[in-house]
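Below: one structure, written as structure tokens.
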Amino acid sequence: MWEDGALYRAVGGREVRIAAAEGGVDVDPLDAETELVVRKLLGFDFDLVAFSAWAAEEERLAPLVVRFAGFRPTLAPDPFEMLVGAITAQQVSLFSAVAIRNRLIERYGRQTGEAWSFPTSGRVAAATEDELFALGFSRRKAEYVVGLARSDLDLDALAELPDEEVKARLVALRGLGEWTADWFLARHLARPHAWPWGDLALRKAVADLYGGLDVRDARERFHPFENLSAHYLLLAQRIP
């Protein structure tokens, strides 16, 4: 929850307040458990120094890196939360996706102060598809979310696997395609080579800045910082 200039998030059954502060952020409470989540949430996994040095040689990208200096893509700390969010966002407006996701959280999550914890896979696995349909999910998406929750795939263990193996295991699940798998690599695992070429906004960003360059071929141009390059290109589209 965002309120009074601060972000509130439930971490380990506690409410954590994250607010801007001179030279960084103020986190309360701050300890080993909450710091791990906050560092993930704020994109500390990304190496901006190395990226900026590399981008200085990329003529069209370099001005964006200077313009948005210090920008770090946020990351989803929890893999199940990330994937449910991706399923919810498929082929609907962001407004609709957020509204449906909020109803899911209030129905199966737990409130901690101002914030709500995202439902565990166990709680969602115990739900029925009809119950999710009543929250606003389509029949198909309800099937996907319940199926994901009941899957025996160890989502946390995916962090130990190479990119292609992560994608192969995700797309083997019903309702998870390459678009979702690429964004999982990009926005949960922070993999430097993640390149969600199937994203329509990224395709437009590449076309606007690089003309006829095919979005699939573009990943070679941005190696070894495909993930950060994609996010800076997308940011330029949102803030022209």
Which label fits Y232 and F71: parallel for a plane angle under 30°, tilted from 30 to 60°, or perpendicular past 60°?
perpendicular
Any ion pair linking R72 and D47 (charged N to carboxylate O, less than 4.0 Å)?
no
Exceeds 12 heavy-atom contacts within 6.0 angstrom, atom CZ of R110
no
Is the CD atom of Q91 crowded by more than 12 outside heavy atoms at less than 6.0 Å?
no
So, taking the atom named CG in L153 and the one named CG in L148, what distance separates them when rounded to the nearest 0.5 Å?
8.0 Å
Output yes when K167 and E178 qualify as a salt bridge under the 4.0 Å nitrogen-oxygen rule, no when they do not.
yes
To check you understand the geometry: which heavy-atom pair defines the closest contact between A55 and L61, and what is its length?
CB-CD2, 4.4 Å
Donor-acceptor pair, distance only, cut-off 3.5 Å: does the side chain of R123 make one with the backbone of Y108?
yes
Quick one: CD on E131 to CZ on R107, what's the gap to the nearest 0.5 Å?
5.5 Å
Atom CZ of R140: over 12 foreign heavy atoms under 6.0 Å:
no
Would you find a donor on one side and an acceptor on the other, under 3.5 Å apart, between the side chain of W195 and the backbone of V215?
yes
N227 side-chain N/O to A186 backbone N/O, donor-acceptor pair under 3.5 Å:
yes
Taking the side chain from Q90 and the backbone from G175, do they hold a donor-acceptor pair closer than 3.5 Å?
yes
Using 30° and 60° as the class limits, which term best fits the ring planes of F184 and H188: parallel, tilted or perpendicular?
tilted
Between CG on residue L185 and CG on residue L170, distance to nearest 0.5 Å:
7.5 Å
In terms of side-chain geometry, is the basic nitrogen of R9 or E81 positioned less than 4.0 Å from the acidic oxygen of its partner?
yes
Would you kindly confirm whether V84 and L173 end up in one hydrophobic cluster when ILVMFWY residues are joined by side chain heavy atoms under 4.5 Å apart?
yes
To the nearest 0.5 Å, what is the distance between OG1 (T112) and OH (Y8)?
14.0 Å
Give a yes or no on whether a salt bridge exists between R169 and E165, defined as a side-chain N under 4.0 angstrom from a carboxylate O.
yes
Look up atom CG in D163 and atom CZ in R191, then write down how far apart they are to the nearest 0.5 Å.
5.0 Å
Once ring-ring contact (aromatic ring centres under 6.0 Å, His included) is applied, do any residues pair with F133, and if so which ones, sequence neighbours excluded?
none
Do the side chain of S151 and the main chain of G147 share a donor and acceptor less than 3.5 angstrom apart?
no
I239 reachable from L48 in the ILVMFWY side-chain graph, under 4.5 Å edges
yes
So that I know where these two stand, are F222 and Y210 an aromatic pair - ring centroids less than 6.0 Å apart?
yes
Mutual orientation of the aromatic rings belonging to W183 and H231 [parallel < 30°, tilted 30-60°, perpendicular > 60°]
perpendicular
Going by an N to O cut-off under 4.0 Å, is there a salt bridge joining E58 and R221?
yes
Specify the closest pair of heavy atoms between R150 and A125, including all atoms of both residues, with the distance to one decimal.
NE-O, 2.8 Å
Cluster check L158, Y144: I/L/V/M/F/W/Y, side chain < 4.5 angstrom:
yes
Can you find a side-chain donor-acceptor pair between N102 and W116 that sits under 3.5 Å?
no
Would the distance check show the side chain of Q111 and the main-chain N or O of G113 forming a donor-acceptor pair, the cut-off being under 3.5 Å?
yes
Correct closest heavy-atom pair for L234 and L202 would be CD2-N, 3.5 Å
Identify the two heavy atoms, one from A194 and one from D182, that lie closest to each other, and give their separation to 0.1 Å.
CB-O, 4.1 Å
